[in-house]
J.: 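Sharing a structure here in structure tokens format.
As a basis for the values below, the full set of heavy atoms in this structure was taken, side chains included, without hydrogen atoms, waters or symmetry mates. Each chain gets a letter, A, B and so on, in the order its sequence line appears, and its residues count up from 1. Just so it is clear, the structure is predicted and the values come from calculations on it, not from any experiment.
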Amino acid sequence: MTTETDKTTTEETMTIREMCDLFEVTPRTLRFYESKELIFPIREGTRRHFTRRDRARLKLILRGKRFGFSLEEIRQLLDLYDMGEGKTVQLARTYELAQQHLDEMKGQREELDRAIAELETQMEWGARELEKRRSNAA
DNA sequence: CTTCTTACA
DNA sequence: TGTAAGCA
């Protein structure tokens, strides 16, 4: 028996507020994603009603974002998903993009490591220089 | 009071 | 995405 606490798995519809609390995002974000066609909540008058499908997609959207995927890439991936393009194609594309982003992220880490190393040597020089000048002044 | 749209930062 | 304005 499903209680009101696991609407994520139920067919129950959720309000924008409930969605925000559950996924820790702002209403602006949900409306923004809808404008980008990443999710399509049902409209009852002007109010939005998020379905189980929207919740599943949002979950993937947020994950993809954490992995550095652009909203456009995520949208295309999501489209393949429900277009029934075949799980294999879906998986292959996702893997391809993931590999691409992984390489990109590793490259960025190397750059960051270099910048950190440089800053550290500069600061070591600065520290010695400072002590030198202090002793001369004293 | 909450949600929605639109426009601007 | 945040914020603000004007409605419903």
Side-chain angles (χ1 to χ4, degrees):
Chain A
M1 67 186 102
T2 56
T3 59
E4 335 75 59
T5 54
D6 74 323
K7 293 183 178 179
T8 307
T9 55
T10 334
E11 192 57 75
E12 318 302 343
T13 189
M14 284 173 76
T15 66
I16 196 168
R17 174 46 53 191
E18 297 175 317
M19 287 292 281
C20 291
D21 293 337
L22 180 59
F23 293 96
E24 298 187 277
V25 295
T26 66
R28 177 72 169 92
T29 299
L30 296 180
R31 296 182 187 120
F32 181 69
Y33 289 168
E34 178 185 18
S35 73
K36 295 301 179 185
E37 298 185 278
L38 272 71
I39 52 179
F40 5 70
I42 298 172
R43 287 309 192 75
E44 187 183 310
T46 171
R47 314 293 188 180
R48 293 178 174 71
H49 290 322
F50 299 81
T51 67
R52 178 186 56 78
R53 183 177 178 231
D54 291 317
R55 293 189 285 274
R57 304 196 103 198
L58 182 55
K59 192 172 182 178
L60 293 177
I61 293 170
L62 297 178
R63 183 194 308 178
K65 202 178 61 174
R66 286 198 302 278
F67 293 165
F69 289 59
S70 70
L71 290 184
E72 176 54 28
E73 293 174 324
I74 294 174
R75 188 185 65 65
Q76 297 183 347
L77 248 29
L78 252 31
D79 282 352
L80 285 177
Y81 191 79
D82 50 38
M83 284 195 342
E85 279 276 355
K87 289 291 185 180
T88 307
V89 179
Q90 163 80 18
L91 186 60
R93 274 257 188 302
T94 302
Y95 187 87
E96 181 180 17
L97 275 182
Q99 185 60 257
Q100 183 182 311
H101 282 291
L102 181 60
D103 293 337
E104 192 177 319
M105 291 165 82
K106 286 184 176 178
Q108 294 179 353
R109 180 168 60 185
E110 284 176 26
E111 286 181 39
L112 190 55
D113 285 340
R114 278 196 279 276
I116 289 175
E118 282 183 42
L119 183 53
E120 289 180 328
T121 59
Q122 290 296 337
M123 289 181 78
E124 280 168 30
W125 180 87
R128 283 194 289 280
E129 190 66 13
L130 208 50
E131 286 177 46
K132 183 191 302 176
R133 299 188 183 189
R134 279 174 174 158
S135 57
N136 284 329

J.: Does a side-chain N-to-carboxylate-O contact under 4.0 Å join Glu129(A) and Arg133(A)?
T.: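 Salt bridge: yes.
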J.: In whole angstrom, what separates Ile16(A)'s CD1 from dT1(C)'s C1'?
T.: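 Those two atoms, CD1 and C1', are 14 Å apart.
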J.: Any residue in residues 32-49 of chain A with a heavy atom nearer than 4.0 angstrom to DNA chain C? Just list them by number, or reply none.
T.: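 Per residue number, the list reads Phe32(A), Tyr33(A).
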J.: Within a radius of less than 6.0 Å around CZ of Arg63(A), do more than 12 heavy atoms belonging to other residues, nucleotides or ligands occur?
T.: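 Not more than 12 within 6.0 Å, no.
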J.: In plain terms, say whether Glu18(A) and Arg55(A) are close enough for a salt bridge, that is, a side-chain N and a carboxylate O under 4.0 Å apart.
T.: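 Arg55(A) and Glu18(A): not salt-bridged.
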J.: Under 4.0 Å between a side-chain nitrogen and a carboxylate oxygen: does that hold for Arg75(A) and Glu72(A)?
T.: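 Salt bridge present between Arg75(A) and Glu72(A).
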J.: Please name the nucleotide paired to dT2(B) by Watson-Crick or G-U wobble geometry with both distances under 3.5 Å, or report none.
T.: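 Its partner is dA8(C).
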J.: With DNA chain B as reference, determine whether Arg28(A) or Arg31(A) sits nearer its 5' end, using the nearest nucleotide of each.
T.: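 Closest to the 5' end, via its nearest nucleotide, is Arg31(A).
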J.: Got a second to check how far Ile39(A)'s CD1 is from Asp54(A)'s CG, nearest 0.5 Å?
T.: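 Going from CD1 on Ile39(A) over to CG on Asp54(A), the span is 5.5 Å.
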J.: Does dT1(C) have its OP1 or OP2 closer than 4.0 Å to a side-chain nitrogen or oxygen of Thr26(A)?
T.: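 For dT1(C), OP1/OP2 do not have a side-chain N/O of Thr26(A) under 4.0 Å.
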J.: Determine yes or no for a side-chain-to-main-chain donor-acceptor pair under 3.5 angstrom, with Glu34(A) supplying the side chain and Phe40(A) the backbone.
T.: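 A pair under 3.5 Å: no.
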J.: Mind calculating the distance between CZ (Arg17(A)) and P (dT3(B)) to the nearest angstrom?
T.: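 Spelled out: CZ on Arg17(A) to P on dT3(B) is 5 Å.
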